[in-house]
Amino acid sequence: MAPKHQAPRGTRDLLPQEIARWQWAEEKARGVLDRYGYREIRTPIFEDYELFARTSGESSDVVQKEMYRFSDLKGRDLALRPENTAGVCRAYLEHGMAGQGRIHRLWYMGPMFRYGRPQKGRYRQFFQIGAELIGVDAPAADVEMIALFVDLFEAWGFGDLTVAINSLGTAETRRAYGDKLRAWLAPVHERLSADSKGRLETNPLRVLDSKDPGDVALIGGADQALGPLPRMLDVLDADSRAHWDQVLAGLDASGIPWEIDHGLVRGLDYYTRTTFEVHDRSLGAAQSALGGGGRYDGLIEALGGPSTPGVGFSIGLDRTVLVLEQRGLEAASAPLDAFVVSMETTRAAALDLVRALRREFRVDFDLEARGFGAQMKAAGKSGARRMVLLGEDEWRRGEVVVKDLASGVQETIPRERLIETLRGSAPAKEEGKEVRTS
Ligand code: AMP
């Protein structure tokens, strides 16, 4: 019989056996972010709806179709966050962070919510890890962001990624490009989806990230009536062009492989100049993006703050972990250090000992205080490295029996030497096996 309650469509439970892989990935990421000098920030998972509408753009899919929007009991217009950059910039302004330093390097991790059609690698609640570098418009900031982005993937064992990159210029460049796009699509206008026809008028760039299969085929070059996609790079203003050239030179100097993707416009409206993404095709075309980001020099101003440059990225952890799993990453949780077995007469002492040992070691024992035989069996099954046996006579003499469960070798030692013994050949804490990506 199906259980009465199931997790809501598009959400899922991450069970203990999967968590090891997540924790491994999170730990690796924290290490890289820390070495780059980024500091964690945690913002609420819901914010004023208006914050997202203003930053992501009224005509973006995220705002138009995918928002979890709700009113609270006082009628406030709120939304579960579909992304975290808007929240971070809101917090930056709200706490006057500009006055606490010119440059802020921040990172976040947590669940985001988008009401999309669920499928493998696409969920309604999903996890992102992301970083923001606020306060610098120098091309070196873009290069650092992309290096950090790539180094996170490298720490997870992806040695083979190429960053797709483009520049969106400024608002004026985008307007000029929008005109080009309209002219380019004019011969096939009637065959575009109703959504795309509308957007061609209001926000033409959004047509390039339409998920409608007909649009995708038309724009993707399947239609002979269309020449090659107009290039944003051809209409860049001089400053954006110089910025772009320096970003590419910086990537080359840092040894980061890149390729230009003229159709890369990103799904949110706040991007300016540099945009970038990485994909893993094994996930299927519609959800192959593992992460992406870009520069958002107008965002903080749009929130009512002073003109402040920023650049950032966000990586989808669900997809990343899925690919790691496909590539054979096994992140086994560390085995127990000891399983404590006691007799009726040493039971009380065992409770005390287990608690003391747990200050340093991973220890288990039989909660049900079953017979000696059942406890020994449980110890064998537990995967513990050692069994610690509290026999009545030994305990009275101030001794315990320690058995190495792999070799079967057993010794009787003074109680005071137990910790040292457990420490002695305790294995280095096991980590997830590195992924091979060859
Ligand atoms: P975006 O903020 O749209 O650029 O998304 C950044 C990354 O988050 C994407 O590259 C995906 O890896 C991930 N992502 C976005 N939407 C979803 C979703 N619905 N389910 C799972 N991952 C997602």
Side-chain angles (χ1 to χ4, degrees), residues 7-12 14 18 22 25 29 43 45 47 51-52 55-57 59-68 79-89 107-132 145-146 148-150 152-153 156 158 161-166 168 205-206 208-211 261 263-272 274-296 299 310-326:
R9 186 164 148 75
T11 71
R12 59 206 182 117
L14 296 172
E18 296 159 69
W22 281 76
T43 64
I45 64 163
E47 301 261 6
L51 175 73
F52 302 119
T55 52
S56 295
S59 59
S60 65
D61 262 4
V62 164
V63 172
Q64 281 198 341
K65 301 183 189 162
E66 300 180 346
M67 201 73 108
Y68 276 94
L80 295 183
R81 62 184 185 192
E83 58 92 44
N84 212 349
T85 300
V88 168
C89 291
W107 70 270
Y108 61 82
M109 173 156 57
M112 309 297 154
F113 305 85
R114 293 183 197 174
Y115 189 81
R117 195 169 66 80
Q119 53 201 299
K120 188 181 174 195
R122 184 176 297 283
Y123 311 99
R124 290 180 175 169
Q125 173 176 319
F126 58 97
F127 287 80
Q128 286 186 337
I129 186 160
E132 315 290 354
M145 253 312 145
I146 295 172
L148 171 57
F149 183 69
V150 168
L152 282 170
F153 284 105
W156 290 323
F158 294 77
L161 291 174
T162 297
V163 181
I165 182 167
N166 195 17
L168 300 185
L205 260 67
R206 288 279 74 83
L208 293 185
D209 50 36
S210 166
K211 293 184 189 84
D261 176 351
L264 178 54
V265 296
R266 312 272 306 132
L268 308 171
D269 269 2
Y270 51 59
Y271 288 106
T272 53
T274 317
T275 55
F276 54 94
E277 271 181 10
V278 294
H279 289 258
D280 185 294
R281 304 290 164 198
S282 72
L283 289 172
Q287 50 273 344
S288 67
L290 293 182
R295 181 162 276 291
Y296 47 84
L299 178 58
V311 57
F313 64 75
S314 186
I315 295 171
L317 270 179
D318 304 75
R319 289 183 193 173
T320 302
V321 171
L322 211 64
V323 175
L324 289 175
E325 191 182 343
Q326 288 170 8

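Treat the numbers as computed from the prediction; the structure is a model and nothing was measured. Counting convention: from 1, in listed order, for ligands and their atoms alike. No hydrogens, no waters, no symmetry mates; every other heavy atom, side chains included, goes into these values.
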Rounded to the nearest 0.5 Å, what separates atom OG1 in Thr275 from atom CG in Asp261? 8.0 Å

Among Gln128, Gln119, Arg319, closest by any non-hydrogen atom to atom 8 (O) of ligand 1: Gln128

Who gets closest to atom 10 (O) of ligand 1 by heavy atom: Gly291, Gly116, Gly316? Gly291

Check this for me - ligand 1, Asp318, N or O atoms closer than 3.5 angstrom, yes or no? no

If we number the atoms of ligand 1 from 1 as shown, the ones under 4.0 Å from a heavy atom of Gly121 are 20 (N), 21 (C), 22 (N)

May I ask you to list the atoms of ligand 1 that are less than 4.0 angstrom from any heavy atom of Arg114? 1 (P), 2 (O), 3 (O), 15 (C), 16 (N)

Non-hydrogen side-chain atoms of Pro82 and Tyr115 separated by less than 4.5 Å: no

Side chain or backbone of Leu290 under 4.0 Å from ligand 1, or both, or neither, by non-hydrogen atoms? backbone

What about Ala289: any of its N or O atoms under 3.5 Å from an N or O on ligand 1? yes

Do Thr43 and Asn84 get their side chains close enough for a donor-acceptor pair, meaning under 3.5 Å? yes

Could you tell me, atom by atom, which parts of ligand 1 come under 4.0 Å of a heavy atom of Ser314? 6 (C), 7 (C)

So CG of Leu290 and CZ of Phe153: to nearest 0.5 Å the spacing works out to 5.0 Å

Matching residue for Phe127 among Trp22, Tyr108, Phe113 - test: ring pair (Phe, Tyr, Trp, His ring centres under 6.0 Å): Trp22

Gly293 near ligand 1 by a heavy-atom separation under 4.0 Å: no

Any chance you could measure Thr320, atom OG1, to Ile129, atom CD1, to the nearest 0.5 Å? 9.5 Å

Find the distance between CD1 (Ile315) and CH2 (Trp156) and round it off to the nearest 0.5 Å. 4.0 Å

